[in-house]
Each structure stands twice: as C-alpha cells, then as structure tokens.
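Okay, so here's the structure we're looking at.
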Amino acid sequence: MSKLTKLLHNPKLYFKDALINIGLLKIKKPIKIKKLDNPNVFIDYTAILHIGEKGSNAISHIKLWFDYFVEADILFLILLRDKDTYFLVKEAFPTANIACATTTKEVNTLLQALPTIKVCFYSSNTGNNFSLLCHTHLKHIFIGHGDSDKASSARKFFRAYDENWVSGQAHIDRIKNANFALNGLKNIKVGRPALAQLMHLSYKDWKDRFDKAFNLLYLPTWEGFYKEQDYSSLEHIVEFSKKVLQLENIKVSVKLHPLTGKREKKFLKINQKLENIDDLNLIPLSNPLSQYIVASNLFICDISAVVSECLAVDSPIFLYIPKDKEIVTAKSNMDYSEYCYIFSSSDELIGLITRVIDGDDYLANGRKMAQDYIINTEDTLNQTFVKRLQQEAKVDNV
C-alpha cells in the first residue's frame, strides 16, 4: 500500500506509521483481539499518562505511577514533551509504550492517529498540559505527585480538569478552604497506592524497629519557584545535621530534592558541604525514597509531600517552619502541630528530638488521626486507585 493510498483509505494507520517512523511513537508489539468480522483488529490505547516534566524529574513522576498503571492492565501510553527526556525514559522503562510530542501540532497528530484515547492523566501542572486539555472530547484527570499543604495544592487551575484524584479528605478540605467555585471539578478520594507497603510497617512501634537504635532521615524540600513558596530548611541544613549527629545512638541520612538549586544557585553545591560532615550519610538523588523511609524511624521534613510519606510509617516527624519568613500554604482542617513536632531553630530541634526519644512522644495519637485523614488508610490499602484506573480506561465492548 502506497503512502498516498494509505492516507486516503486508512488515515489512522497512515498517521500511526508516520509517528513510528519519525520516532515519536514506540510500540513494543501490536496487540490483537478477535472479532467475528475481523480477527486481527488492532486494539488502540485508551489512556495517556502525560508527563510534562523534563529529565530526571520526568522519570521520578513516572516511577510514582507506572507500576499501578501496569497492574490495572489498561492500554496506556506515556506521552512525553521533550526529545532528550524521551530517550532517558526509553532507557529507564524499556517495557513501556512511549510517545514524544514536543508541540501542540504533534499532539494533535498523535491523537488523530489514536482515536480510541478516552482519558488523559496528569502528574503535574505544567504549561504544556494545555496541548491535551484543549481536546474537549477527552476526559482529563489530575493525579498529582504527592500530597502537601503547599500553596499549589489549592489553586483555580485545577478547574481545567474534569476530576482531581486525591489521597484523602485533607486535600479536599484544602480546596474547600481556598473558597473558590469548583465549576464542575470533581474531587475523588483514591488513596495513595505507593504508600500501602509503608503503612504495613506502621503496625510495629517505631522504637522497636531497629533494636532500640534511632535512624533519622532528613528530607529537605527545594527552594521553590517563588519566595512565598520557599518552605526549605536548606539554609540551615549543615547546622541542623551537625547538631543532631552530636546526640547519642542516632544515625543521620539526608536525601536532597531533585530540584535543589534550581532557583537559588547557591544550593547547587550544598551536597559538597554535606559530604564533608563526618558520619552523615548523603543518599544519591536517583535512589528511591521509599527504601530509606522503611529504614528510618525518625524524620526531619520541610512543608512538602514527603510529610505524608513519612506519616505512612507512623514515626515522629520534626517539621521545619521558619519564623522569619512569610510563607503561603493551603490549609486543611488539621494543623501540622497536631501530628508534627514544629521547630525553627537547632535548639528547638534538639530539644524536641531529645524529649521524644526519651519517651515523651506526645503526638502519637495525632499521627494516627492524620494518617487516616491525609493518606486515607482504607482506599490506600484497598488499591482504590488501580480500580478507578480500570473503570476509566476500560476497552469499550463492540
């Protein structure tokens, strides 16, 4: 069949072949289904996982959701928006079906070639989401990449989506408390599937997990795109780390955020300063966070999504909230002080850690309540997210 004949008589096949030939579409092998009138009809993708991020940040967003999309056994395509990122992701996820469309025009071509796409999932609010959002025949669902009280958790741009899938009631309350009309946006609780295994660890008391030893994991966030969203303790991380290491029977590990130094260039070399601290374990950026959360029973955090991840294992969380900055947050109906030990200086931090490891963990009950309120224990353990994926991306019977 010539290209012209293919275009005239089978435009869907023409566009699909064109995308494959120019490297914008990678398909492992055709998937076939038997039908009475045609035993070899190609089953097209029904869902897109849109990743608007670049480089390692894109990979981390895919890692968060990939296994659950596979578990749901749906026909999904990962759509990337940057060519260099495309090759990185191909290497990191060799079994995945991946497409790269850098422009709106290329996105339109892709959707024309794959008319059975019915739903698009988004892991972050990047500007290039618009290329898909303008296609009103599709369903658009935001699944995010964490849960936190950062100001970006409750903005009007969520109204661009049909549905916002959230972990638990906390995120719904943040949006309610922001006091803007939803204009049809549905907030749906699905739990946080990646935290299910971590939650099983919480059944054992945190003090008994490592033969009475204390493994502290410090997870500073990055400095944010804007000063009003700078929740980071990076300015004090060297001081805080050295002071904690002076305590007896305590080991300290630090894992920096992948975007550290993106706005404040002075933090680009903070890892070198941390490497020079005796007995401090600096975790490589590319290593999965969950394995270190499992290996820890004390946490230092900034305001970020890692608070909920640490909450999953029900261990004391020491949360840095600066007193010398005016920061903006999205308010849920449960304050951080109800389940985190709040500090703003090294003296406060050491005092709180000492008090807790000496036996006065007075926020233990608060953590249990926050775990259910923020993470949504029932839906997380019941894999509600996977079940919802199956409902939204199922192949229509024909």
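Any value given below was found using the heavy atoms of this structure, including those in side chains, with hydrogens, waters and symmetry copies removed. Quick caveat, the model's predicted, so the values are computed rather than measured.
The shortest distance between side-chain heavy atoms of L247 and T354 falls below 4.5 Å. With a 4.5 Å cut-off on side-chain heavy atoms, I300 and I317 do not count as touching. Counting only heavy atoms from C-beta outward, the side chains of V190 and D379 never approach each other to under 4.5 Å. Contact annotation: the side chain of L381 approaches that of H200 to within less than 4.5 Å [non-hydrogen atoms, C-beta and beyond].
More than 12 heavy atoms of other residues, nucleotides or ligands sit less than 6.0 Å from atom CG of N177. For CG of D358, the number of neighbouring non-hydrogen atoms (other residues, nucleotides, ligands) closer than 6.0 Å is greater than 12. Atom CZ of F180 has more than 12 neighbouring heavy atoms from other residues, nucleotides or ligands inside a 6.0 Å radius. Other residues, nucleotides and ligands contribute at most 12 non-hydrogen atoms within 6.0 Å of the CD atom of E378. Heavy atoms from other residues, nucleotides or ligands lying under 6.0 Å from CG of N183 number more than 12.
Between the CG atom of L389 and the CD1 atom of I143 there is a distance of 7.0 Å, given to the nearest 0.5 Å. Remark: D302 CG to I321 CD1 distance equals 9.5 Å, nearest 0.5 Å. Atom-to-atom distance recorded for I78:CD1 and I51:CD1 is 7.0 Å, nearest 0.5 angstrom. Within the model, atoms CD of E392 and NZ of K139 stand 3.5 Å from one another, a figure rounded to the nearest 0.5 Å.
The same ILVMFWY cluster, assembled from side-chain heavy atoms under 4.5 Å apart, contains both L319 and I293. Residues L298 and I277 fall within the same hydrophobic cluster, defined by Ile, Leu, Val, Met, Phe, Trp and Tyr side chains chained together at heavy-atom separations under 4.5 Å. Both M369 and V313 are assigned to one and the same hydrophobic cluster, defined by single-linkage of ILVMFWY side chains at heavy-atom distances under 4.5 Å. I172 and Y373 fall into different hydrophobic clusters, where Ile, Leu, Val, Met, Phe, Trp and Tyr are joined by side-chain heavy atoms under 4.5 Å apart, directly or via other members. I342 and L217 fall within the same hydrophobic cluster, where Ile, Leu, Val, Met, Phe, Trp and Tyr residues are linked whenever their side-chain heavy atoms come under 4.5 Å apart, directly or through other members.
A donor-acceptor pair is defined here as one N or O able to donate and one able to accept, closer than 3.5 Å; such a pair exists between the side chain of D82 and the backbone of T85. Looking at Y320, its side chain never comes within 3.5 Å of a backbone N or O of Y231 through a donor-acceptor pair. At least one donor-acceptor pair under 3.5 Å links the side chain of D205 to the backbone N or O of K207. With hydrogens and angles disregarded, no donor-acceptor distance shorter than 3.5 Å links the side chain of N57 to the backbone of E53. The closest donor-acceptor contact from the side chain of E275 to the backbone of L282 lies at 3.5 Å or more, if one exists at all. The closest donor-acceptor contact from the side chain of H135 to the backbone of H137 lies at 3.5 Å or more, if one exists at all.
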Query - Pair K323-E348, salt bridge (charged side-chain N to carboxylate O under 4.0 Å, His left out): steps then yes or no - result: CA-CA 12 Å; K323 290 182 179 177; E348 289 177 337; 3.3 Å; yes
Query raised in the report: Does the side chain to side chain donor-acceptor pair (under 3.5 Å) test come out yes or no for D347 and S345, once each step is laid out?
Result: CA-CA 5 Å; D347 288 342; S345 68; 5.4 Å; no
**Report entry** Worked verdict on D147 versus R174 for salt bridge (charged side-chain N to carboxylate O under 4.0 Å, His left out)
**Finding:** CA-CA 11 Å; D147 180 286; R174 291 184 196 110; 2.8 Å; yes
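T260 pairs with exactly one of L268, I237, L234 by the side chain to side chain contact (heavy atoms under 4.5 Å, CB included) rule, that one being L234.
Nearest heavy atom pair, residue L138 against residue C120, reads CD1-SG, 3.7 Å. Nearest heavy-atom pair, G366 versus M334, reported as atom, atom and distance to 0.1 Å: O-CE, 3.5 Å. Nearest approach of P220 to L256, heavy atoms of both residues: CG-CD2, 3.9 Å. Between C310 and L219, the shortest heavy-atom contact is SG-CD1, 3.7 Å. Shortest non-hydrogen contact noted between S232 and W222 is CB-O, 3.4 Å. For the pair Y68 and A194, the tightest heavy-atom approach, listed with the atom from each and the gap, is OH-CA, 3.1 Å.
Aromatic ring orientation, Y161 versus F158: tilted (interplanar angle from 30° to 60°). The aromatic rings of Y339 and Y336 lie tilted to each other, with the angle between the two planes from 30° to 60°.
Contacts classified as side chain to side chain donor-acceptor pair (under 3.5 Å) and involving residues 303-316 (residues at least two apart or in different chains) are given here: R209-S315, D314-R367, D314-K368.
K63 has no carboxylate O lying under 4.0 Å from a charged side-chain N of D67, or vice versa, which leaves the two without a salt bridge. Salt bridge status for D360 with R355: present, with a side-chain N to carboxylate O gap under 4.0 Å.
For F299 and Y292, the gap between ring centers reaches or exceeds 6.0 Å. In this structure, the ring of Y362 has its center less than 6.0 angstrom from the ring center of Y341. Here F121 and W65 keep their ring centres 6.0 angstrom or further from each other. In this structure, F76 has its ring center at least 6.0 angstrom away from the ring center of Y45.
Between the side chains of N187 and W165, not a single donor N or O lies within less than 3.5 Å of an accepting N or O.
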